[in-house]
Peer 1: 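I have a structure here, written as structure tokens, and I will follow up with some questions on it.
Heavy-atom basis, side chains included; hydrogens, waters and symmetry copies ignored. Nothing here was measured: the structure is a model prediction, and the numbers come from that model.
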Amino acid sequence: MKNLCVVAMLAATLAGGTLESASAQSASKTGIKNVVLVHGAFADGSGWEAVAKILEQDGYTVSVAQPPETSYAEDIKYTKAAVDAMDGPVVLVGHSYGGSIITEAGNDPKVSALVYIAAFALDDGESCASIEQALPQASKAFKADSDGNWWIERAHFAADFAADVPPAVSHFMAQSQVPISTDSFTHKVTTPAWKTKPTWYMVATADRSINPEQERMMAKRAHAKTVEVNASHVAYMSHPKETAKLIEEAAAHASASR
């Protein structure tokens, strides 16, 4: 009887292992499960927390890149390092200036889809500065210091950057803001990845940091699947569910087309 119990236990273990293996294989066939999130100017990666939690609960492996905003080349390097650390194809997501970053970093062979969240989807020869000059944003609170780094004046930070998050959150964001270098802001893109990679875009209709009309223009020329939300510039923070949904849609579509 004891031997029969041992045999039964071994059979159950083997069957469980087979089921687990089949489940893993099935999951792998669902395609892209890696997401890299890239923050924009004046912020850091912590703002992605709510989106990252949703994606992780839905079975995605998430990496939050931390480009230092010291130069465009450095920001590309940090982002590509996060992409290259993933073990398979990646959906690359950028907010604001992070869109400029993913426009070049997205040429990495591992990147299968791009998602722009109120972001700069720049064309060849464009910079964030040139887009802002062509059709100015509502905010006038961007100021440069003596070292060539750009900040948002604290008194205007909430209204111009994060109007629809809790006041305590926008207050701390103003205190902890990461300045962007002039090089990062003015560097011209040379090889836009959205010309060869499927693209999604979220327009923030109440954005005071990038003109919403410019967001629509960039989304249209990138042939991006576009959604609009009534949000401030930090749409990914005030609308994390909608943001995660768009990212997951990109992952599913890119998986189907691989």
Side-chain angles (χ1 to χ4, degrees), residues 35-45 63-84 89-137 142 144 148-150 178-204 207 209-226 233 235-236 246-247 250 254:
V35 178
V36 173
L37 306 170
V38 185
H39 67 77
F42 315 113
D44 63 22
S63 177
V64 181
Q66 292 280 30
E69 303 176 39
T70 51
S71 74
Y72 192 62
E74 281 293 291
D75 297 338
I76 295 291
K77 183 178 76 172
Y78 275 77
T79 300
K80 291 188 70 174
V83 170
D84 292 341
V90 170
V91 175
L92 186 58
V93 185
H95 168 251
S96 188
Y97 165 64
S100 175
I101 298 172
I102 72 170
T103 296
E104 287 277 8
N107 290 300
D108 188 295
K110 278 191 173 181
V111 175
S112 294
L114 304 169
V115 181
Y116 292 86
I117 308 297
F120 291 101
L122 303 177
D123 203 350
D124 184 18
E126 288 181 343
S127 67
C128 299
S130 67
I131 287 291
E132 295 281 44
Q133 290 165 3
L135 193 60
Q137 77 278 25
F142 298 97
N149 295 312
W150 291 79
V178 182
I180 183 172
S181 68
T182 297
D183 178 81
S184 296
F185 193 61
T186 61
H187 196 98
K188 295 179 180 179
V189 163
T190 57
T191 312
W194 51 259
K195 292 189 174 182
T196 58
K197 306 287 176 81
T199 303
W200 282 254
Y201 199 108
M202 177 178 283
V203 173
D207 199 331
S209 294
I210 302 176
N211 192 306
E213 288 303 316
Q214 287 292 65
E215 293 179 14
R216 294 184 180 105
M217 178 276 291
M218 290 184 285
K220 182 177 180 180
R221 71 181 180 189
H223 304 290
K225 171 65 183 297
T226 305
H233 189 54
Y236 66 108
L246 189 66
I247 294 168

Peer 1: Could you check whether any side-chain N or O of Lys110 sits under 3.5 Å from a backbone N or O of Asp84, counting only pairs where one atom can act as donor and the other as acceptor?
Peer 2: yes
Peer 1: Kindly write out the residues that satisfy side-chain contact (heavy atoms from CB on, under 4.5 Å) with Asn149, not counting sequence neighbours, or none if the list is empty.
Peer 2: Asp145, Asp147, Trp151, Pro179, Ser181
Peer 1: For side chain to side chain contact (heavy atoms under 4.5 Å, CB included), just list the numbers for Thr103 and Phe120, CA-CA rounded to whole Å, side-chain angles, deciding distance to a tenth of an Å, and then say yes or no.
Peer 2: CA-CA 8 Å; Thr103 296; Phe120 291 101; over 6 Å; no
Peer 1: Between Tyr236 and His95, what is the ring plane arrangement, given parallel below 30°, perpendicular above 60°, and tilted in between?
Peer 2: tilted
Peer 1: Go through it in stages, so that I can follow the logic: the residues are Ile101 and Tyr78, the test is side chain to side chain contact (heavy atoms under 4.5 Å, CB included), and I'd like the CA-CA distance, side-chain angles, deciding distance and then a yes or no.
Peer 2: CA-CA 10 Å; Ile101 298 172; Tyr78 275 77; over 6 Å; no
Peer 1: Do any N or O atoms from the side chain of Asn107 and from the backbone of Thr191 form a donor-acceptor pair under 3.5 angstrom?
Peer 2: yes
Peer 1: Can you list every salt bridge (Lys or Arg N to Asp or Glu O under 4.0 Å) pair that touches residues 115-132, not counting sequence neighbours?
Peer 2: Asp123-Lys195, Glu126-Arg221
Peer 1: Tell me, please, which residues at least two apart from Ala129 pass side-chain contact (heavy atoms from CB on, under 4.5 Å).
Peer 2: Ser127, Gln133, Phe185, Thr186
Peer 1: Would you confirm whether Tyr201, through its side chain, and Ala119, through its main-chain N or O, come within 3.5 Å as a donor-acceptor pair?
Peer 2: yes
Peer 1: Only one of Val91, Asp108, Leu114 clears side chain to side chain contact (heavy atoms under 4.5 Å, CB included) with Lys197; which?
Peer 2: Leu114
Peer 1: Taking atom CD1 of Ile117 and atom CH2 of Trp200, what is their separation to the nearest 0.5 Å?
Peer 2: 12.0 Å
Peer 1: Pick out which of Ile76, Asp75, Ile180 makes a side chain to side chain contact (heavy atoms under 4.5 Å, CB included) with Pro67.
Peer 2: Asp75
